[in-house]
Amino acid sequence: SVEGKWNKEECLKKISKNLQISKNLLQELFNKGYRKEYILNKDLLNLINNLKNNYKLAILSDLWPVSHECLINEKLMENFHSSIFSHHAKMRKPDKGVYKLILKKIDIKAEECIFIDDKELNLIPAQELGIKTILFSGNRNLIQKLKEQGIILTGEKNGFNN
């Protein structure tokens, strides 16, 4: 969705028109594709469970509106204190506004926050706002980087692999 400004219906309408297929068939194809290609990172989810009682955790995602329902569910969201999805906020990373919005939403100062992303481009605006950043390149690296930031991982022997 262009800069997070299209909602799910607009995405489906535009793409289905270009492909000359129905919106329902397009959504079904998206659902099948996402469910086949995306595998839940259980070790990462265990790490999140380990952190959620001692830290405020939030999702800041540029997820497409058509993939949102395939990849994000209520059970997953129980692990986070808050979230911002670009198609709801009408802006996306690396727009500084979306970083300011999540800081406000979870009520913390930039210097108290660690932003983790798998794209280096998305780390730059966060750093410019005073947010500490970690480039995600795998679970083991993330755990090491979190420890370097002083994050206490209490469940290492009880559920997640490093």
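The shown structure was predicted, so the numbers you read here are calculated from the model rather than taken from an experiment.
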Are any side-chain N or O atoms of His81 and backbone N or O atoms of Ala58, one a donor and one an acceptor, separated by less than 3.5 Å? no
Could you tell me whether Lys52 atom NZ has more than 12 heavy atoms of other residues or ligands within 6.0 Å of it? yes
Is a donor on one side and an acceptor on the other found under 3.5 Å between the side chain of Asn79 and the backbone of Leu76? yes
Parallel under 30°, tilted from 30 to 60°, perpendicular over 60°: which one fits the rings of His87 and Phe85? tilted
Under 4.5 Å between any side-chain heavy atoms of Ile72 and Met77, yes or no? yes
Correct closest heavy-atom pair for Ser86 and Arg92 would be CB-CB, 3.5 Å
Please round to the nearest 0.5 Å and tell me the distance separating atom OG of Ser137 and atom CG of Leu142. 8.5 Å
Are Ile131 and Leu121 grouped together when hydrophobic residues (ILVMFWY) are joined by side-chain heavy atoms under 4.5 angstrom apart? no
pair Asn41-Asp43: side-chain heavy atoms closer than 4.5 Å: yes
Contacts of type side chain to side chain donor-acceptor pair (under 3.5 Å), residue Ser16, not counting sequence neighbours: none
Sub-4.5 Å side-chain heavy-atom contact between Ile48 and Phe80: yes
Rounded distance (nearest 0.5 Å) linking atom CG of Asn139 with atom CG of Leu45: 10.5 Å
Within the supplied structure, the quantity of interest is the number of heavy atoms (other residues, nucleotides, ligands) at a distance under 6.0 Å from Lys105 NZ; does it exceed 12? yes
Take Leu103 and Leu101 through the side-chain contact (heavy atoms from CB on, under 4.5 Å) test and state the conclusion after the steps. CA-CA 5 Å; Leu103 289 171; Leu101 189 60; over 6 Å; no
Which pairs, with at least one residue in residues 122-136 and sequence neighbours excluded, count as a salt bridge (charged side-chain N to carboxylate O under 4.0 Å, His left out)? Lys96-Glu128
Show me, pair by pair, the donor-acceptor contacts under 3.5 angstrom made by side chains of residues 111-120, not counting sequence neighbours?
unit_1 : atom_1 : unit_2 : atom_2 : d
Glu112 : OE1    : Lys109 : N      : 2.9
Asp117 : OD1    : Lys119 : N      : 2.8
Asp117 : OD1    : Asn122 : ND2    : 3.2
Asp117 : OD2    : Lys93  : NZ     : 2.8

Looking only at heavy atoms, what is the nearest atom pair of Pro94 and Pro125, with distance? O-CG, 3.1 Å
Below 4.0 angstrom, N of the basic side chain to O of the carboxylate: do Glu28 and Lys32 qualify? yes
Is the side chain of Tyr55 donor-acceptor paired with the backbone N or O of Ile152 at a distance under 3.5 Å, no angle test? yes
In short, Ser83 meets Ile102 closest at the heavy-atom pair C-CD1, 4.2 Å
Could you tell me whether the side chain of Asp62 reaches within less than 4.5 Å of the side chain of Val98, counting heavy atoms only? no
Which value, rounded to the nearest 0.5 Å, describes the distance between Leu12 atom CG and Asn24 atom CG? 8.5 Å
About how many Å separate NZ of Lys145 and CG of Leu135, when rounded to the nearest 0.5 Å? 9.0 Å
Say you draw a straight line from CG of Asn50 to CD1 of Ile143; how long is it, rounded to the nearest 0.5 Å? 9.0 Å
What's the separation between atom OG in Ser61 and atom CD1 in Ile84, rounded to the nearest 0.5 Å? 11.0 Å
How about Phe136: does its CZ atom have over 12 heavy atoms from other parts shown lying under 6.0 Å from it? yes
Result for side-chain contact (heavy atoms from CB on, under 4.5 Å) between Gln144 and one of Glu148, Lys147, Arg140 points to Glu148
In the structure I gave you, are the side-chain heavy atoms of Ile21 and Leu29 within less than 4.5 Å of one another anywhere? yes
Taking CG in Asp107 as the centre, count heavy atoms belonging to other residues, nucleotides or ligands within less than 6.0 Å. Is the count above 12? no
